[in-house]
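The figures that follow rest on heavy atoms only: side chains count, while hydrogens, waters and symmetry mates do not. This chain uses plain numbering: 1 for the first residue, then up along the sequence. None of the values given here were measured: they were computed from a predicted structure.
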Amino acid sequence: MKMLQKVGVLLCLLVLAGCASKATWEGMNEDDISSWKSAGFSAEAAQMWGEYKFNATEAAAWRDQGFEARDAARWAEEKFTAEQAGSWKQGDFDLDDAIDNRAKGLSPIKTQ
């Protein structure tokens, strides 16, 4: 019975720790919070995109092109806009191929 109690206590502590680490709007002013919410981001998503130095408008542009924050940051670091990166991604190019082809003066063919 003691083992079962220990497991129960451990489980409760893990649940409490998980709840305590939930992202909040902490560190943002009212205007920033409003921008993130208007763009459809949760506090957790806003914090994640913010870690990669995106504001709400930029993050929304990248998200709308199908990117997660980490990948968007990698493409942005290589001087791609969200729209450019989205075109390359839609053409099934990965970042390295897009860099190589752009250096050759090429661009992806737009489909629509």
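- In this structure, the separation between CZ on Arg74 and CD1 on Ile99 is 8.0 Å, given to the nearest 0.5 Å.
- Interatomic distance, Ile33 CD1 to Ser38 OG, rounded to the nearest 0.5 Å: 11.5 Å.
- Across all non-hydrogen atoms, the minimal contact from Phe93 to Asn101 is CE2-ND2, 3.5 Å.
- The nearest pair of heavy atoms linking Glu58 to Lys53 is OE1-O, 3.8 Å.
- Summarising the geometry, atom CD belonging to Gln47 is positioned 6.0 Å from atom OG1 belonging to Thr24; distances are rounded to the nearest 0.5 Å.
- No more than 12 heavy atoms of other residues, nucleotides or ligands sit less than 6.0 Å from atom CD of Glu68.
- Cation-pi geometry between Arg102 and Phe80 is met: the NZ or CZ atom falls under 6.0 Å from the ring centre, inside 45° of the normal.
- The CD atom of Glu78 sits 8.5 Å away from the CG atom of Asp96 when rounded to the nearest 0.5 Å.
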Report task. Report the C-alpha separation of Trp25 and Met28 in whole Å, then their side-chain angles, then the decisive distance to 0.1 Å, and conclude whether the side chain to side chain contact (heavy atoms under 4.5 Å, CB included) test is met. Result -> CA-CA 6 Å; Trp25 296 106; Met28 294 186 198; 3.8 Å; yes
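- Contact check for Asp94 versus Trp88: no side-chain heavy atoms found under the 4.5 Å cut-off.
- Results of the ring-ring contact (aromatic ring centres under 6.0 Å, His included) test with Phe54 over Trp49, Phe41, Trp75 single out Trp49 as the only residue that passes.
- In this structure, Lys37 NZ and Ser42 OG are separated by 10.5 Å, a value rounded to the nearest 0.5 Å.
- Atom CD of Glu77 is separated from atom CG of Leu95 by 9.0 Å, given to the nearest 0.5 angstrom.
- The two residues Phe67 and Lys89 come nearest to each other via the heavy atoms CZ-CD, 3.7 Å.
- Contact annotation: the side chain of Arg70 never approaches that of Met48 to less than 4.5 Å [non-hydrogen atoms, C-beta and beyond].
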